[in-house]
Participant: 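Below: one structure in structure tokens.
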Protein chains: 2
Amino acid sequence: MQAKDVVLGLLMQGPKSGYDIKQEYEMGLSHFFDASYGSVYPALKQLEKSGMIVKEIVVQEGKPNKHMFTITELGERQFQHYLASPVQPDFYRSDILARLYFGKYGSADALVRWLQEGIDERIRLLRQLETAYEEHKAVLSPPRLISIQFSLQDYQAQIKVMQKGIDYLQSGQGYEFWEMSS
Amino acid sequence: MQAKDVVLGLLMQGPKSGYDIKQEYEMGLSHFFDASYGSVYPALKQLEKSGMIVKEIVVQEGKPNKHMFTITELGERQFQHYLASPVQPDFYRSDILARLYFGKYGSADALVRWLQEGIDERIRLLRQLETAYEEHKAVLSPPRLISIQFSLQDYQAQIKVMQKGIDYLQSGQGYEFWEMSS
DNA sequence: AGCGGCATGTAAGCTGTTACATGATTAC
DNA sequence: GTAATCATGTAACAGCTTACATGCCGCT
């Protein structure tokens, strides 16, 4: 899965501009796939060149022109081709987990601070997703609901562990700490 | 955080070869940072060139020579510099979540199959981590225990959602499904 | 005879990021 | 007046992956 597969998927839902696509990334999709303008626009250019999508310039009043892209039949076949390809394994990279892994070379204060920052960030993401979920839950497709529940439950689990991690560092206990009432 | 920061962190624990480092990645670290030989060896070369580590060739009987690397004082200072830098946000990219997001353009059969594959893979990772945890829990540093608990709880939460997702797809219910006994 | 483990590395290429460049309108 | 939003794009670079290249040892 790469940028152009996701762009194609978004255009399956109807014509969009590069700007629209970036917006849609930010609310929902960004929890498992992020992209910058520097990847969206080149992806659109490439898809247009290979005939997967077509461009139409829409003149707007008081705003810059929009370059709206529509998926072609060839593009739809390409998207089905993506869906038929093997599922790629998830990719997860975490700086905070690396710092915990090497935690004994740092200060306990820093560890607690990093964990608290991680909690705060995840609470922010959680709230954002919950709001979007409450607003749209009645019209979302079943699989999309699963993707949202996945991120929701994931953030909640991570927040719990990080909070428990802070308590653990401050308790001075051994590994038995994690074996009480899991 | 990049490959050389992690390599430096691993060398803080004592001298290691490129092969050793790749081995250690595979058991534990790989849950939040993976690297191939193509990134480990160039990282070592670069770190040696800049004086962060020093090489010593150890002749072995019946096996190829090992190039053992030891961290220098400069390297240790560099590692402390990394720990003092701002924590980078987590990076998560998931093909299966993308396929769920665009799920209405695919078949329900495929969705269930992908979810089941995701569950199986996570059960495998969970078992692997649990085994490593049971074997070493008494000697692991507190922060490293947190990093393991993080992955453990995370996989468990993901497996639960994916299982519930399969049940949901097969139940034919609406979004209320997710609001019973969360 | 062949495979898996041990062990080191390189080269080409893919993918994506960051920073830059431009410019109008609207709200504070 | 100045910041944010709307809107499009490029160029240079970073960072990592894949595939390749090599070779011995021990087991089956």
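All of these numbers come straight from a predicted model, not from anything done at the bench. Just so it is clear: chains get the letters A, B, ... in the order the sequence lines come, proteins before strands, and each one is counted from 1.
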Participant: Side chains of B:Asp90 and A:Tyr92: donor-acceptor distance under 3.5 Å anywhere?
Facilitator: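 There is such a pair (donor and acceptor under 3.5 Å, judged by atom type) between the side chains of B:Asp90 and A:Tyr92.
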
Participant: Rounded to whole Å, please give me the gap between NE2 in B:His67 and P in C:dC6.
Facilitator: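 One finds 17 Å between P of C:dC6 and NE2 of B:His67, rounded.
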
Participant: Specify the separation, in whole Å, of atom CZ of A:Phe69 and atom C1' of D:dT8.
Facilitator: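 About 10 Å, once rounded to whole Å.
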
Participant: Can you check the A:Leu47 CG to C:dT15 P distance for me, whole Å?
Facilitator: 12 Å

Participant: What's the CG-P distance between B:Asp20 and C:dA7, to the nearest Å?
Facilitator: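 Spelled out: CG on B:Asp20 to P on C:dA7 is 7 Å.
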
Participant: Determine, using ring centers only, whether B:Phe91 and A:Phe91 are less than 6.0 Å apart.
Facilitator: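 A:Phe91 vs B:Phe91: aromatic centres under 6.0 Å.
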
Participant: Mind calculating the distance between NZ (A:Lys55) and C1' (D:dT8) to the nearest angstrom?
Facilitator: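 Distance check: A:Lys55 NZ to D:dT8 C1' gives 9 Å.
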
Participant: Going by distance alone, is a donor N or O of one side chain under 3.5 Å from an acceptor N or O of the other, for B:Asp154 and B:Ser151?
Facilitator: no

Participant: Check B:Gln173 against B:Tyr168 and note the closest heavy-atom contact, atom names and distance.
Facilitator: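 That would be O-CE1, 3.3 Å.
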
Participant: How would you list all residue pairs meeting ring-ring contact (aromatic ring centres under 6.0 Å, His included) that involve residues 35-77 of chain A, not counting sequence neighbours?
Facilitator: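 Listed by first then second residue: A:Tyr37-A:Tyr41.
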
Participant: Would you mind building the protein contact string for nucleotides 16-28 of chain C? One character per nucleotide, 5' to 3', B for base within reach (heavy atoms under 4.0 Å), S for sugar-phosphate only, - for untouched.
Facilitator: SBB----B-S---

Participant: For residues B:Tyr133 and A:Tyr175, establish whether the separation of their ring centroids is below 6.0 Å.
Facilitator: no

Participant: Tell me whether the OP1 or OP2 atom of C:dA7 has a side-chain N or O from B:Gln60 closer than 4.0 Å.
Facilitator: yes

Participant: Give a yes or no on whether the ring-centroid distance for A:Phe32 and A:Phe150 is below 6.0 angstrom.
Facilitator: no

Participant: Please determine if A:Arg122 forms a cation-pi arrangement with A:Tyr155, meaning its NZ or CZ atom is less than 6.0 Å from the six-membered ring centre and no more than 45° off the ring axis.
Facilitator: no

Participant: Starting from the first five and the last five pairs of the helix from C:dA1-D:dT28 to C:dC28-D:dG1, work out the angle between the resulting helix axes, to 10 degrees.
Facilitator: 30°

